[in-house]
Each structure stands twice: as structure tokens, then as C-alpha cells.
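Heads up, the thing below is written out as C-alpha cells.
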Amino acid sequence: MGEVAVQYKVMPDPDVEIGIDELVSSLENMDAVGKVHNIEKKPLAFGLMYVELHAVIEDAEGLVDKFEATMTEINGVGEIEVLGMGRLL
């Protein structure tokens, strides 16, 4: 079976007081079905930041959903948006 590369935009939860660096650290250390390959902090607007996360997940039914569910359980994670997805050969 192959693998899927997924690029996410992770917005911090506005109702939780957590720094962007703490959020990045939590995402780097999450125990999930996929592998986090790259995490970057990026500016959004008016001093707000978001996290761009690149992950490689095995191409099997339900694993991308499971990876996203694991991300949403992390304290400080708000909205998650898929920016891009492609199959790795």
C-alpha cells in the first residue's frame, strides 16, 4: 500500500490561552497514525499566526480521518483545513 502526503492549515483555538510555540511543540510530539514531516508558523493577519503542518499517512481507509481526529484532541487546536493532498509513489 502507498502513502499520502497531506498539507494542513491548523488554526489555534481562540478560546484557549496557548502560545503558538506550545501548539507547534504539541503537534510535533503527537502520537498518531501518520508521521509529521514539517511544521511552520505562518502569519495570517493582524499579528495572528497559524501552523502549516505536512504529514505522511499510510493510504488506507480511515487513517487520514484518524490523524485529523488525533490533531483535534490536542489542547489549543481550533480549526483544521486541508491545503493539499497527494499520493506518494
Side-chain angles (χ1 to χ4, degrees):
M1 210 165 279
E3 293 178 316
V4 177
V6 187
Q7 179 182 6
Y8 291 102
K9 178 180 182 179
V10 181
M11 296 295 297
D13 187 348
D15 298 330
V16 177
E17 289 293 324
I18 187 169
I20 194 78
D21 292 325
E22 292 176 59
L23 182 58
V24 166
S25 178
S26 296
L27 289 167
E28 285 175 335
N29 298 320
M30 81 175 167
D31 186 25
V33 294
K35 298 174 193 160
V36 176
H37 279 273
N38 188 26
I39 295 182
E40 298 177 57
K41 299 179 289 186
K42 296 202 169 183
L44 184 62
F46 307 111
L48 299 174
M49 302 286 283
Y50 71 93
V51 177
E52 189 171 290
L53 182 142
H54 299 258
V56 175
I57 305 165
E58 189 175 326
D59 187 16
E61 187 175 340
L63 290 185
V64 172
D65 293 333
K66 189 174 181 182
F67 184 84
E68 291 173 3
T70 302
M71 273 198 294
T72 59
E73 292 172 1
I74 294 174
N75 185 36
V77 171
E79 185 179 320
I80 297 172
E81 178 183 342
V82 175
L83 298 176
M85 180 184 286
R87 188 158 189 224
L88 299 175
L89 301 173

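Values reported hereafter were calculated over all heavy atoms of this structure, with side chains retained and with hydrogens, waters and symmetry mates removed.
- Every residue was checked against the side chain to side chain donor-acceptor pair (under 3.5 Å) condition with Glu17, not counting sequence neighbours, and none meets it.
- Using a 4.5 Å cut-off between side-chain heavy atoms of Ile, Leu, Val, Met, Phe, Trp and Tyr, with links allowed through other members, Val33 and Met85 fall into the same hydrophobic cluster.
- To the nearest 0.5 angstrom, Leu83 atom CG is 5.0 Å from Gln7 atom CD.
- Note on Ile39: it does not cluster hydrophobically with Leu44, by side-chain heavy-atom contacts below 4.5 Å among ILVMFWY residues.
- Proximity of Lys41 to Asp21: side-chain heavy atoms (C-beta onward) are separated by under 4.5 Å at one or more points.
- Here the closest heavy-atom approach between residue Ile57 and residue Gly34 is recorded as CG1-CA, 4.1 Å.
- Among residue pairs with one or both ends in residues 37-72, those qualifying as ring pair (Phe, Tyr, Trp, His ring centres under 6.0 Å) are Tyr8-Phe67; sequence neighbours excluded.
- Applying the ring pair (Phe, Tyr, Trp, His ring centres under 6.0 Å) rule to pairs touching residues 69-89 yields nothing, sequence neighbours excluded.
- Among residues two or more places apart in sequence or in another chain, the side chain to side chain donor-acceptor pair (under 3.5 Å) test is passed with Lys9 by none.
- Met49 and Met11 are not part of a single hydrophobic cluster, where members link through side-chain heavy atoms under 4.5 Å apart.
- Rounded to the nearest 0.5 angstrom, Leu27 CG and Glu22 CD are separated by 12.0 Å.
- Using a 4.5 Å heavy-atom cutoff, the side chains of Val6 and Val82 are in contact.
- In terms of heavy atoms, Val24 sits closest to Val51 at CG2-CG2, 3.9 Å.
- Legend: salt bridge (Lys or Arg N to Asp or Glu O under 4.0 Å) pairs involving residues 48-60, not counting sequence neighbours, sorted by first then second residue: Lys42-Glu52, Asp59-Arg87.
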Sequence neighbours excluded and cut-off under 3.5 Å, please list the side-chain donor-acceptor pairs for residues 70-81, or say none.
unit_1, atom_1, unit_2, atom_2, d
Thr70, OG1, Lys66, O, 2.9
Thr72, OG1, Ala69, O, 2.8

